[in-house]
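Input: a single structure, listed below in structure tokens.
These numbers come from a predicted model, not from an experiment.
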Amino acid sequence: QVQPVESGGGSVQAGGSLRLSCRVSGDIDHNYCLGWFRQPPGKEREGLAFIDPDDNIRYADSVKGRFTISSYNAKNTLDLLMNSLSPEDTAMYYCVAEHLCVNTWLNVQNHFDAVWGQGTQVTVSS
């Protein structure tokens, strides 16, 4: 049983930084894709970054150069360092694990096999 649990959210002023952390319990094997998504209030879900089974990393254009994803402890820990935050980054942030992983995983329409964390709220004030 794989279950992500996020932490590290909170309120920050524009231009500031936050580090989100995800503890992924259970057995992570070589087939899992691990990543971060977010959903602003009233808007659609957006994929941000992920690590594939070969430890390759891909970022969404909206956060590339500002956010950094990293994993530790055999991918049992997944961090998201967020720099240069703006009010547009305000959202509920989710850590996600899915057994199926492709290069376009962030843009897959339906993540049928995904396991989602409970979410952690990030609020950026102007």
key: salt bridge (Lys or Arg N to Asp or Glu O under 4.0 Å) partners for D113, two or more places apart   =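 D113: no salt bridge (Lys or Arg N to Asp or Glu O under 4.0 Å) contacts found.
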Results of salt bridge (Lys or Arg N to Asp or Glu O under 4.0 Å) for D54 - residues two or more places apart only = none
ring-ring contact (aromatic ring centres under 6.0 Å, His included) partners of residues 40-61, not counting sequence neighbours, each pair once = F50-W105
message = According to ring-ring contact (aromatic ring centres under 6.0 Å, His included), does anything in residues 2-21 pair up with another residue at least two apart or in another chain? List the pairs.
response =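 Listed once each, the pairs would be none.
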message = My understanding is that only residues two or more places apart in sequence, or in another chain, count here; which of them pass side-chain hydrogen bond (donor to acceptor under 3.5 Å, both in side chains) with D61?
response =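 D61 satisfies side-chain hydrogen bond (donor to acceptor under 3.5 Å, both in side chains) with no other residue.
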query = Mind checking what makes side-chain hydrogen bond (donor to acceptor under 3.5 Å, both in side chains) contact with S21, not counting sequence neighbours?
reply =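 With sequence neighbours excluded, S21 shows a side-chain hydrogen bond (donor to acceptor under 3.5 Å, both in side chains) to D79, given in chain and number order.
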key: Derivation of the side-chain contact (heavy atoms from CB on, under 4.5 Å) call for E88 and V124   = CA-CA 8 Å; E88 288 70 31; V124 184; over 6 Å; no
Output side-chain donor-acceptor pairs under 3.5 Å for residues 36-46, partner residues at least two apart or in another chain, one line each.
| residue | atom | partner | partner atom | Å |
| --- | --- | --- | --- | --- |
| R38 | NE | E46 | OE1 | 3.0 |
| R38 | NH1 | D89 | OD1 | 2.8 |
| R38 | NH1 | Y93 | OH | 2.9 |
| R38 | NH2 | E46 | OE1 | 3.2 |
| Q39 | NE2 | K43 | O | 3.1 |
| E46 | OE2 | S62 | OG | 2.5 |

message = If you count heavy atoms of other groups shown closer than 6.0 angstrom to CG of D27, is the number above 12?
response = no
key: Pairs satisfying disulfide bond (SG atoms under 2.5 Å apart), at least one member in residues 48-100, at least two apart   =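 Those involving residues 48-100 are C22-C95.
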key: L20 and V122: CA distance, side-chain angles, deciding distance, side-chain contact (heavy atoms from CB on, under 4.5 Å) verdict   = CA-CA 9 Å; L20 306 182; V122 173; 4.0 Å; yes
ask   = Do E98 and L34 have side-chain heavy atoms sitting under 4.5 Å apart?
value =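 In short, these two side chains do not touch, never coming nearer than 4.5 Å.
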query = Would you say the side chain of L80 lies within less than 4.5 Å of the side chain of L48, judging by non-hydrogen atoms?
reply = yes
query = Which residues pass the side-chain contact (heavy atoms from CB on, under 4.5 Å) test with F112, sequence neighbours left out?
reply =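 Partners of F112 under the side-chain contact (heavy atoms from CB on, under 4.5 Å) test: N110.
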task = Just jot down the side-chain contact (heavy atoms from CB on, under 4.5 Å) partners of V2, sequence neighbours excluded, or say none.
result =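 Here the qualifying residues are V24, I28, Y32, A97.
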ask   = Is V5 linked to Y94 within one hydrophobic cluster, defined over Ile, Leu, Val, Met, Phe, Trp and Tyr using a side-chain heavy-atom separation of less than 4.5 Å?
value = no
Heavy-atom pair with the smallest gap, counting every atom of R58 and N103 =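 Of all heavy-atom pairs spanning R58 and N103, the closest is NE-O, 3.0 Å.
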request  = Show the numbers, then the answer: is there a side-chain contact (heavy atoms from CB on, under 4.5 Å) between H111 and V96?
outcome  = CA-CA 10 Å; H111 294 268; V96 187; 5.7 Å; no
query = With a cutoff of under 4.5 Å between side-chain heavy atoms, which Ile, Leu, Val, Met, Phe, Trp and Tyr residues group with L100?
reply = none
ask   = Which residues pass the ring-ring contact (aromatic ring centres under 6.0 Å, His included) test with F67, sequence neighbours left out?
value = none
ask   = Going through the distances and angles, do I51 and L78 end up as a side-chain contact (heavy atoms from CB on, under 4.5 Å)?
value = CA-CA 9 Å; I51 297 175; L78 187 73; 3.8 Å; yes
